[in-house]
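Report on the structure given below.
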Amino acid sequence: MDSLEPVRRVEIIDRLRAAYPGSAKELCALKFESPFQLLIATILSAQCTDERVNAATPKLFQEFPTPQDMSLANREDLESLIYSTGFYKNKAKNIIDMTNVLVSEYGGRVPDTMEELSGLPGVGRKTANVVLSVAFSKPGLPVDTHVLRLSLRLGLTKEKDPVKVERDLMSWMPEAEAGGFSLRLILHGRQVCSARKPKCDQCVLEDLCPSSTLA
DNA sequence: ATCCCGAGGG
DNA sequence: CCCTCTGGAT
């Protein structure tokens, strides 16, 4: 391990914050007005763009404002409301099962710990970390496909398992930075460091990146 | 064809 | 570790 590596990490964090300023809540592209709405929106975001989730959720939350309402939803009605987000059968079943647990185990409230959140039906570690960091401003580093790809390209990890990547990054990440760092990597991954053709000539991290395609 | 802020089951 | 679930944009 290079003795300058900690300096490089801090520089990466700082440059991303300068390029994509704002809090985790402000950087989150999903529209929500409560932890419950963010939880549902994040479940719907699996293999689906945020814009399509945002197109579906207003009507969904209007029909079913509370966990109680959603737990009692007719399955077909729910499926038709979330159809365009894909995986609609799984998602509808998970949402009904999950909201039933919210009502029966948590008094209709969304819990705010990793253990409780990731124990909910259809809520994995990535979704739990989104809710923790964005809705509750707690330490949490969601590792999605972008965070995984950029972390590998930047040489911040050698792991390919999202859980191991999260552990790698959190071993040195300031806890207050984790959520924002994840959102910024996602934005940077979409706009600059894309999967197919990364725009290294437009990248603010170019001189810090071992995968740069530039001279 | 490939990708999008995944999770559960085998 | 692998597979499956899925529509929509590019």
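No experiment lies behind these values; they were computed from the predicted model shown. Quick note on labels: first sequence line is chain A, next is B, and so on, each numbered from 1.
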Taking everything shown except Q191(A) itself, do over 12 heavy atoms lie less than 6.0 Å from its CD? yes
Whole angstrom value for the distance that separates P of dG9(B) from CG of D97(A): 10 Å
Between atom CG in N54(A) and atom C1' in dC4(B), what is the gap in whole Å? 14 Å
Base, sugar-phosphate, or nothing for T42(A), non-hydrogen atoms under 4.0 angstrom? nothing
Value rounded to 0.5 Å, distance of CG in L117(A) from CG in D112(A): 7.5 Å
Using atom CD1 of I82(A) as one end and atom P of dG6(B) as the other, report the distance to the nearest whole Å. 15 Å
Between atom CG in L187(A) and atom P in dC4(B), what is the gap in whole Å? 14 Å
Work out which heavy atom in A92(A) is nearest to a heavy atom in L78(A); give both atom names and the distance. O-CD2, 3.7 Å
Figure out the CE/P separation between M98(A) and dG6(B), and round it to whole Å. 16 Å
Rounded to the nearest 0.5 Å, how far does CE of M70(A) lie from CE of M98(A)? 7.5 Å
When the nearest nucleotide of DNA chain B is assigned to V123(A) and to P142(A) on a heavy-atom basis, which residue is associated with the more 5' position? P142(A)
Rounded to the nearest angstrom, tell me the gap between atom CD1 in I43(A) and atom P in dA7(B). 8 Å
Reading nucleotides 2-10 of chain C from 5' to 3' and marking B where a protein heavy atom lies under 4.0 Å of the base, S where only the sugar-phosphate is that close, and - otherwise, the string is ---BBBS--
OH of Y20(A) versus C1' of dC5(B): gap in Å, rounded? 15 Å
Using atom P in both nucleotides, what's the gap between dT6(C) and dT2(B) to the nearest angstrom? 22 Å
Regarding T145(A), tell me which of base, sugar-phosphate or nothing describes its non-hydrogen contacts under 4.0 Å with the strands shown. sugar-phosphate
L150(A) atom CG is separated from dC5(B) atom P, nearest whole Å, by 13 Å
Taking all heavy atoms of R184(A) and all of L16(A), pick out the closest pair and write down the distance. CD-O, 3.3 Å
Answer yes if the side chains of T113(A) and E116(A) hold a donor-acceptor pair under 3.5 Å, and no otherwise. yes
Is it true that, when you exclude R109(A) itself, more than 12 heavy atoms of the residues, nucleotides or ligands shown sit nearer than 6.0 Å to its CZ? no
Tell me what P121(A) touches on the nucleic acid: a base, only sugar-phosphate, or nothing, going by heavy atoms under 4.0 Å. sugar-phosphate
Calculate, to the nearest 0.5 Å, the distance between atoms CD1 and OG1 belonging to I82(A) and T57(A) respectively. 11.5 Å
Touch check for L183(A), heavy atoms < 4.0 angstrom, all strands: base, sugar-phosphate only, or nothing? base
Below the 4.0 Å mark, does dC5(B) have OP1 or OP2 next to a side-chain nitrogen or oxygen of R125(A)? no
OP1, OP2 of dC3(B) versus side-chain N and O of R196(A): anything below 4.0 Å? yes
Please give me every residue in residues 25-32 of chain A whose heavy atoms get under 4.0 Å of an atom in DNA chain B, ordered by residue number. C28(A), A29(A)
Polar side chain donor-acceptor pair, T66(A) to D69(A), under 3.5 angstrom: yes
Rounded distance [0.5 Å steps], CD in E206(A) versus OG in S211(A): 11.0 Å
